[in-house]
Asks: 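Handing you a structure now.
Computed from a predicted model, the values in this text were never measured in an experiment. So you know, we letter chains A, B, ... as the sequences are listed, proteins then strands, and number each from 1.
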Amino acid sequence: MIDLAVLRNDPDVVRASQIARGDDPSVVDQVLAADERRRSALTEFESARAEQKAMGRDVAKAQGDEKAALLARTKELAEKVKSLQAEADAAETAARELVMGIGNIPEPGVPAGGPDDFAVVKHVGTPRDFAAEGVTVQDHLAIGEGLRAIDMERGAKVSGARFYFLTGIGARLELAILNAAMNLAQERGFSPMITPTLVRPETMRGTGFLGKHADEIYYLEKDELYLTGTSEVALAGYHTDEILDLSDGPLRYAGWSACYRREAGSAGRDTRGIIRVHQFHKVEMFSYARPADAAAEHARFLETEEAMLQALELPYRVIDTAAGDLGSSAARKFDCEAWLPSQERWMEVTSTSNCTTFQARRLSIRERGEQGTSPVATINGTIGTTRWIVALLENHQQADGSVYVPPVLRPYLGGLEVLTPVA
RNA sequence: GGAGAGUUGACCGAGCGGCCGAAGGUGACAGUCUUGAAAACUGUUGAGGGCAACCCCCUCCGCGGGUUCGAAUCCCGCACUCUCCGCCA
């Protein structure tokens with residue numbers, strides 16, 4: 001939720017934000033009008049209520065006829081208070097719903113436009129010249145099947161399309177990546193967390209995932225629980241309704257969880273292999289920081305993601321996502337994209353968002369300041385997922401179908417330096 | 001699944017249907033005392049909202065309804081916590 005004060009004092013900032021995101025700028029005026037209605041309804045209710053309370057005190061003191069007369073009057077007033085309260089509540093709800101529909105205001109420097117209007121921040125590493133090396137490029141599934149690491153067919157048999165088994169070295173490889181990620185995060189001050197993956201509607205709504213992309217989320221109707229698509233949801237919900245002490249710096253968590261996504265809008269895309277699946281694992285960084293520190297924390301997240309990519313010796317680029325592709329909570333988002341040799345394109349492997357105070361305001365997560373409390377900032381970012389297996393297999397494949405293991409993963413694989421195909 | 005107990009401010013813990021946003025205590029902060037500290041004493045100490053702002057006013061005693069002129073207090077529903085029994089591991 002954006003700051004209503006900004007919207008009131010500086011509506012043009014919000015209009016510009018809406019335009020940059022490709023959203024409707026006229027909601028700003030709708031919100032202003034609704035807020036106006038809300039405040040006047042509230043004022044009316046409050047004065048009637050104050051009168052009622054004052055009269056109630058008189059009733060308590062009065063006796064006999066006097067009391068009977070007062071009671072008659074307060075009875076009328078009670079009706080009035082009730083209806084004014086209903087009006088005020090309705091106006092409140094209406095205004096709130098409108099405000100909730102507005103996305104976060106992008107940081108200065110974020111490119112305007114949609115998914116294709118990102119800015120490339122940098123390239124790191126160079127994709128291998130497989131032709132020059134005499135390697136015929138295989139895609140991750142072919143390599144993975146050669147290693148007996150990935151079994152899509154049985155995944156489909158058991159659970160349907162976009163499900164898979166990681167078998168043998170495949171399972172170990174995923175654990176290795178996630179453990180290495182967890183280890184790196186811990187070195188950088190993130191406290192390890194294993195989080196719930198089923199959350200209540202309030203939590204899902206609070207984190208801003210129930211907006212336009214609600215279709216992406218699995219919902220268990222009988223239990224009124226949502227399956228989370230990232231541990232960000234649980235980690236953001238963790239401190240809901242709390243007042244935090246950030247005097248020793250940001251609170252940093254590294255969440256490990258299964259992630260579930262319906263992939264409703266992506267039928268036909270990335271259908272081969274494990275690039276886009278309904279269930280995977282992820283290690284996610286999450287910080288609660290002072291708003292003034294949020295951008296620096298965000299930069300730290302990006303740097304940590306890059307450190308992980310570099311440790312895995314993967315060529316990648318960093319993009320600064322355009323406003324229209326930000327997601328409602330984010331004010332800025334950097335994605336790291338690893339090279340995907342089989343398709344000769346870049347593939348998103350990490351994503352880090354600075355949500356400024358947007359999530360915290362919805363979830364009522366604050367810190368105590370000189371004059372009362374104020375919402376904190378939240379930052380999230382990926383350091384490892386099942387999808388990284390794809391980048392790893394493809395970029396480190398050898399002519400004979402074996403796969404080079406970067407040193408950082410070896411301790412988690414019993415010292416293995418090369419993954420070799422099963423004959 | 002069955003039976004019972006509970007949910008009050010940072011924490012513990014009282015609370016009759018009518019100045020109860022809530023006694024008392026702990027903690028924290030400030031002051032007095034002290035060379036300094038401790039102890040003692042005194043005071044301050046919840047959140048959200050309305051108002052340009054102060055005063056002031058409103059809301060909040062797990063959540064949502066209801067009864068009532070008036071609800072932390074009575075009634076109903078839900079969530080969560082704890083105990084016991086059963087069942088499954």
Side-chain angles (χ1 to χ4, degrees), chain A residues 1-11 31-100 195-207 210 219-226 233-234 237-248 251 288 291 357-376:
Chain A
M1 184 163 68
I2 64 159
D3 186 356
L4 245 183
V6 169
L7 191 138
R8 259 186 236 156
N9 301 332
D10 226 339
V31 169
L32 288 171
D35 185 49
E36 195 53 50
R37 276 196 298 280
R38 170 189 141 258
R39 280 189 286 171
S40 67
L42 196 59
T43 306
E44 270 189 67
F45 158 70
E46 285 184 353
S47 64
R49 176 69 179 155
E51 194 184 340
Q52 182 189 36
K53 285 178 77 166
M55 214 177 270
R57 280 176 222 126
D58 294 339
V59 171
K61 284 181 225 148
Q63 295 290 330
D65 287 351
E66 197 189 346
K67 186 159 191 162
L70 273 172
L71 280 182
R73 281 174 55 205
T74 67
K75 214 159 199 163
E76 286 172 40
L77 192 55
E79 287 300 313
K80 188 176 160 198
V81 167
K82 203 165 219 174
S83 73
L84 285 174
Q85 176 158 38
E87 280 175 41
D89 285 350
E92 172 91 47
T93 307
R96 197 177 167 80
E97 263 169 30
L98 277 171
V99 178
M100 292 281 245
T195 63
T197 53
L198 290 171
V199 300
R200 313 174 73 168
E202 303 91 276
T203 303
M204 195 52 99
R205 200 172 307 119
T207 49
L210 281 190
Y219 178 56
L220 302 183
E221 205 162 336
K222 272 191 184 169
D223 302 284
E224 295 184 58
L225 290 169
Y226 288 92
V233 177
Y238 190 66
H239 285 303
T240 292
D241 287 331
E242 294 183 23
I243 296 172
L244 306 179
D245 180 2
L246 300 180
S247 54
D248 293 330
L251 294 179
Y288 296 88
T357 58
F358 190 89
Q359 271 181 339
R361 191 169 275 113
R362 283 184 177 218
L363 295 168
S364 184
I365 303 170
R366 297 145 290 160
E367 74 163 330
R368 211 176 288 283
E370 290 292 305
Q371 46 243 311
T373 64
S374 55
V376 303

Asks: Is the shortest side-chain N/O distance from A/Arg38 to OP1 or OP2 of B/G49 below 4.0 Å?
Replies: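 It does not, given that no N or O in the side chain of A/Arg38 lies less than 4.0 Å from OP1 or OP2 of B/G49.
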Asks: Under 4.0 Å: is that the gap between some side-chain N or O of A/Arg8 and OP1 or OP2 of B/G50?
Replies: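 So the side chain of A/Arg8 is within the cut-off, an N or O lying under 4.0 Å from OP1 or OP2 of B/G50.
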Asks: With sequence neighbours excluded, what pairs up with A/Arg8 under the side-chain hydrogen bond (donor to acceptor under 3.5 Å, both in side chains) test?
Replies: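 Partners of A/Arg8 by the side-chain hydrogen bond (donor to acceptor under 3.5 Å, both in side chains) criterion, ordered by chain and then number, come out as A/Asp35.
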Asks: Could you list the residues that satisfy ring-ring contact (aromatic ring centres under 6.0 Å, His included) with A/Tyr238, not counting sequence neighbours?
Replies: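 If we apply the ring-ring contact (aromatic ring centres under 6.0 Å, His included) test to A/Tyr238, skipping adjacent residues, the hits are A/Tyr253.
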Asks: Indicate whether the side chain of A/Arg49 and that of A/Gln52 have a donor and an acceptor atom separated by less than 3.5 Å.
Replies: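 The criterion, which ignores hydrogens and geometry beyond distance, is satisfied for A/Gln52 and A/Arg49.
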Asks: Can you find a side chain N or O atom of A/Arg368 that sits less than 4.0 Å from OP1 or OP2 on B/A10?
Replies: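 No, A/Arg368 has no side-chain N/O under 4.0 Å of OP1/OP2 on B/A10.
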Asks: Could you pull out every donor-acceptor pair under 3.5 Å between side chains of residues 75-100 of chain A and any protein atom, sequence neighbours left out?
Replies:
unit_1: A/Ser83; atom_1: OG; unit_2: A/Lys80; atom_2: O; d: 3.1
unit_1: A/Thr93; atom_1: OG1; unit_2: A/Asp89; atom_2: O; d: 2.9

Asks: Atom CG in A/Leu32, atom CZ in A/Arg37: separation rounded to 0.5 Å?
Replies: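 Answer rounded to 0.5 Å: 11.0 Å.
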Asks: For A/Glu51, check salt bridge (charged side-chain N to carboxylate O under 4.0 Å, His left out) against everything at least two apart and list the hits.
Replies: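 Partners of A/Glu51 by the salt bridge (charged side-chain N to carboxylate O under 4.0 Å, His left out) criterion come out as none, since no residue qualifies.
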Asks: Pick out the pairs of N or O atoms, protein on one side and nucleotides 76-79 of chain B on the other, that lie under 3.5 Å.
Replies:
unit_1: B/A79; atom_1: O2'; unit_2: A/Arg200; atom_2: NH1; d: 3.3
unit_1: B/A79; atom_1: O2'; unit_2: A/Arg200; atom_2: NH2; d: 2.7

Asks: Using the P atom on both, measure B/G21 against B/G77 and round to a whole Å.
Replies: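 Per the computed distance, 29 Å lies between those P atoms.
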Asks: Using a cut-off of 4.0 Å between protein heavy atoms and nucleotide atoms, how would you tag nucleotides 58-75 of chain B 5' to 3' with B, S and -?
Replies: BS-------S-BS-----
Asks: Using a cut-off of less than 4.0 Å, is there contact between a side-chain N or O of A/Arg39 and OP1 or OP2 of B/G49?
Replies: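 No, because none of the side-chain N or O atoms of A/Arg39 sits under 4.0 Å from OP1 or OP2 of B/G49.
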Asks: A/Thr357: which residues meet the side-chain hydrogen bond (donor to acceptor under 3.5 Å, both in side chains) condition with it, sequence neighbours left out?
Replies: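 A/Thr357 satisfies side-chain hydrogen bond (donor to acceptor under 3.5 Å, both in side chains) with A/Arg361 once adjacent residues are dropped.
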Asks: Expressed as a whole number of Å, how far does the P atom of B/C61 sit from that of B/A5?
Replies: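 Their P atoms lie roughly 23 Å apart.
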Asks: May I ask you to say what A/Arg96 touches in the nucleic acid, namely base, sugar-phosphate or nothing, with a heavy-atom cut-off under 4.0 Å?
Replies: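 Nothing: the residue A/Arg96, judged by heavy atoms under 4.0 Å, touches no strand.
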Asks: With sequence neighbours excluded, tell me which residues meet ring-ring contact (aromatic ring centres under 6.0 Å, His included) with A/Phe358.
Replies: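 In terms of ring-ring contact (aromatic ring centres under 6.0 Å, His included), with neighbours along the sequence ignored, A/Phe358 is linked to no residue.
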Asks: With A/Glu367, which residues qualify under side-chain hydrogen bond (donor to acceptor under 3.5 Å, both in side chains), at least two apart?
Replies: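 Partners of A/Glu367 by the side-chain hydrogen bond (donor to acceptor under 3.5 Å, both in side chains) criterion, ordered by chain and then number, come out as A/Arg290.
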Asks: My understanding is that only residues two or more places apart in sequence, or in another chain, count here; which of them pass side chain to side chain contact (heavy atoms under 4.5 Å, CB included) with A/Thr74?
Replies: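 Applying side chain to side chain contact (heavy atoms under 4.5 Å, CB included) to A/Thr74 gives A/Met55, A/Val59, A/Leu71.
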Asks: Applying side chain to side chain contact (heavy atoms under 4.5 Å, CB included), can you list everything that pairs with A/Thr43, at least two apart in sequence or on another chain?
Replies: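 If we apply the side chain to side chain contact (heavy atoms under 4.5 Å, CB included) test to A/Thr43, skipping adjacent residues, there are no hits.
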Asks: If you write RNA chain B from 5' to 3' in dot-bracket form, with Watson-Crick or G-U pairs under 3.5 Å, [ ] for crossing pairs and | for pairs with another strand, what do you get?
Replies: ((((((((.[[[..)..(.....]]]((((((.......))))))(((((.....))))).[[[[[..)....]]]]])))))))....
